[in-house]
Every structure is written in structure tokens, then in C-alpha cells.
Amino acid sequence: MKKLLIKNIKELVQVTTQNKIAGKEMAILPTIKNAWLTIEEGLIADFGTMENWKGISDWSDLEIIDATDKMVLPSFCDSHTHLVFAASREEEFVDRINGLSYEEIAAKGGGILNSAKKLQAATEDELFESALIRLREIQQTGTGSVEIKSGYGLSVEAEIKMLRVIQRLKKASPITIKATFLGAHALPLQFKDNRKGYIDSIINEMLPIIKKENLADFIDVFCEKNYFTPEETTQILQAGISIGLIPKIHVNQFNSIGGIQVGIKNNALSVDHLEVMTPKDIADLKNADVMPTLLPSCSFFLTIPYAPARELINNKLPICLASDFNPGSTPSGNIPFVLSLACIKLKMTPEEAINAATLNGAYAMNLSHQLGSIAKGKKANLFITKKISSYKHIPYAFGANPVETVILNGVKY
Ligand code: NIG
Ligand code: FE
């Protein structure tokens, strides 16, 4: 495998061996100015400042990249997406422009059920091809690892189909992928009057296949009014835990109904959304070890409240930022734009936002030993920016793509 040397890096960003960052520390983003970095066997081999550059021992089979005036960052770690789907939902977008709410659209059969109908009709190959295109897209805006959920199948056959697609994507894409089983994303129409029947199907039909074929890393539930109650969420999470899946859950998007407490009790790795938070929710999070994950591009697209990021940070909590890429609430997996929203709408500083979308994102996928920062021995998943004046330019220049060269597993794209 070819070795890489990146030299004259204006600033090497996020140089740390920590595995997550919380509270006040989130404001610190360790960097090395005027730096070099070497990559061998797909891993970060070494780095330092150009002033102390002693050359390297073996120059054979080495590609040298000059990064004068450019920054190097670890690839973004997007810990929450639904990027396998069959069709976009721009009719609902127009319905919302005309005054309907996301909840009203869902109540009349749109929303997740609309996506499920289309996904059930799509072939595994169609889903695979369209998701691969989305992965290539997010690769170009700096994402190097991503979590992908099922949850648009809502039947045994279609949920398993989605998870098999994610397994194929893991092999086909250079992006590191984690799979989440979200069978409890919505109640399918045919189970409208039989909630228990669908939950039984998740637990007794879907989970055994997932276990047998090793189809998922995490289990998720949409714990929300009109979706799944805290009691149902507990039951489903515990069934997932019993086959080795780790919980990561959708909570407090529209209402605070006790989902955070269910996540904490079941040792969830992350609790995601948090647009609507009570003082008790924040107090409980403070005493727990769970990653609060915020999805500001979902708030932007649905015009719903933004999560109280400053309050979480002031309470010494960590924050992770993710895209929530999905056809209904966030038709974009653009992390540089998520960083802009985090700064503009959540009032996070560029340092806090970058920490949240790199190291804490890796943590929220159980990957911080491998990804999320510049550290010796970590996977060489990083990107070189265009010529920019500072890393603050990334959230500042909203809508622009700062990424020029992507390196994943030590390979240049
Ligand atoms: O995270 N909130 C639940 N699930 C997705 C949206 C799903 C959809 O509308 O298709 C979310 O926002
Ligand atoms: Fe989501």
C-alpha cells in the first residue's frame, strides 16, 4: 500500500487522544500549525511541526501532498442518519410550505409510512445503488464514518432488506459504517389497532433474524407521542440488548415523554434530537453517561425549535452533532452545513461544533478508539481543505464545501 506524506499543512486540526469531550472543554480544539503528517497501511503513522521535520526513514513508494495554506481535519463522524430510502418526499415539503405541520402530514398517512410504502416496493439492488450515491455525496463534504438506520421497512421482510443493504454498503463504500435496527420507527397501518402485534413481530420475528445474520450494531426506537411510548421503548430496547445490540434512541423531538430516562436506564450510547427539553431531562442527563446528540438541520428543515446546546454545555455535558439525513425531516447529509447551523442557531463556537462532529460523533458510534481525531494509530480518515484562512471559515462560509481532498483508510479520493 502506498504511503502518504502531507507537508506544509497550515493547521492540523483536532490532535488529541481523548475519546470524548464535554462541557467547557468542548471550547478547546487542539491543533498544530505548520505541520506534517504521514500515513502508512491505512493508519496515521506520525505527525509534527515542519520546524522539527527530520524526514522519514523510508521514501520508497511514497506520495507527497503539499498542503500549503490548507487545513487538515479528521473526517466528520455522522452518528445519526437514515440514508437508505426509496424515494424523496418533496410533495410533503410543499404541503408544509402551504401550512401543514410535520405531525399533520404524518397523521394523514404521509411521513414515515409514506417512505415505508415506497421502500417495500423497491428492490434490494435499487436501495443499494441509491444509498451508495448518497454515501459518495457525503464523502465529498468530509464525512468518513456514518451510522445508518433501518426503519422505513416496517415489515419483517422490508426491515431485513434494509439491513442487508446496509451490510452491502459496509463492504462497498470506503466510509466506515455502523448499522442500527429501527423497526420501531412508526406503527404500520395494518397494526393500527394492534400495537402489541407489531411489537411482538419486532421482538419475535425481526430480532432473531438480525441476531442470526449479524445485521446490526445498535437498536433504536422513536419514543414520541403517536409513535412508541416509554414502556414500549423499554421493552423493545431490552429485547435488542438481549441479542447484543446497543441502544441509541430518538427522544424529545416534539414532546418530553420520559424517553431520556428510558435511554439512561438502559445504558443508551446516545439520546438523539432533544429539541424539547425539561429542566428534569437536563438534570437526569447530568447524572448519566450518555451522548446527547443534536440534529440542527432537522430543526432547520422542519422549522421546529433548536435543541438547547448552550444549556447542555453549561451543565458540563458533551454534545454530538449529526445530520439525521432522511427524506422526511432532513434531506441532506452535509456536515459543514450542520456546523454552520450549530454556530448560528445553537450558539456553539466553531471549536465546540468541530469537536461535536468529529470526536464526539465517533464516540456516539463506539468508534472513538479508531476515528474522530488525529492520533497515531487511528484510521487515516481525514480531509484536506481548500485554501482557507482558518478552521472557523468552515462554519462561517455556510453552504460552501470546504473539502478539497478526501483520504479514507489511507487512500486518496
Ligand atoms: O429523525 N423522528 C423520526 N425519524 C426521522 C424522520 C423520519 C421521516 O420523516 O421520514 C428523524 O427526524
Ligand atoms: Fe432520525
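We count ligands from 1, going down the list as the structure has it; atoms in each ligand are counted the same way.
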Review point. For Phe191, does the CZ atom have more than 12 heavy-atom neighbours from other residues, nucleotides or ligands under 6.0 Å away?
Key: yes
Review point. Salt bridge (Lys or Arg N to Asp or Glu O under 4.0 Å) between Arg168 and Asp125: does it pass, once the steps are laid out?
Key: CA-CA 10 Å; Arg168 281 175 65 186; Asp125 284 346; 2.9 Å; yes
Review point. Checking Arg136 against Tyr413: charged group under 6.0 Å from the ring centre and within 45 degrees of the axis?
Key: no
Point to revise | Spatial distance of atom CD1 (Ile257) from atom CG (Asp281) [nearest 0.5 Å] | key: 10.5 Å
Revision key, fill the gap. Taking every heavy atom of Leu312 against every heavy atom of Leu274, the minimum-distance pair comes out as CD1-CD1, 4.4 Å
Review point. Counting only N and O atoms by type, is there a donor-acceptor contact under 3.5 Å from the side chain of Asp220 to the main-chain atoms of Thr180?
Key: no
Exercise for review: Run the numbers for me: atoms of ligand 1, each under 4.0 Å from some heavy atom of Ser329, listed by number.
Suggested key: 6 (C), 9 (O), 11 (C), 12 (O)
**Study point:** Shortest protein contact, atom 4 (N) of ligand 1 (heavy atom only)
**Key:** His185 NE2, 2.8 Å
Check your understanding: Hey, does Gln253 come in under 3.5 Å of ligand 1, counting only N/O atoms on both sides?
Key -> yes
Practice item. Please say whether more than 12 non-hydrogen atoms of neighbouring residues, nucleotides or ligands are located less than 6.0 Å from CZ in Phe300. Key: no
Revision key, fill the gap. Near Tyr152 (heavy-atom distance under 4.0 Å), the atoms of ligand 1 are 7 (C), 8 (C), 10 (O)
**Study point:** For atom 11 (C) of ligand 1, the protein heavy atom that lies nearest, with its residue and separation
**Key:** Asp324 OD2, 3.1 Å
Check your understanding: Heavy-atom contact under 4.0 Å between His273 and ligand 1?
Key -> yes
**Study point:** Proximity flag Tyr102 to ligand 1, non-hydrogen atoms under 4.0 Å
**Key:** yes
Check your understanding: Would Glu126 and Lys161 pass as an ion pair if we require N to O under 4.0 Å?
Key -> no
Review point. How many protein atoms of type N/O/S are positioned less than 2.8 Å from the Fe ion (ligand 2)?
Key: 4
Review point. Of the options Asn326, Asp272, Thr293, which is the one that meets His80 in a side-chain hydrogen bond (donor to acceptor under 3.5 Å, both in side chains)?
Key: Asp272
Review point. Which is it for Glu224 and ligand 1 at heavy atoms under 4.0 Å: side chain, backbone, both or neither?
Key: neither
Exercise for review: Please name the pair of heavy atoms, one in Pro305 and one in Ser299, separated by the smallest distance, quoted to 0.1 Å.
Suggested key: O-OG, 2.9 Å
**Study point:** ligand 1 contact by Tyr227, heavy-atom criterion under 4.0 angstrom
**Key:** no
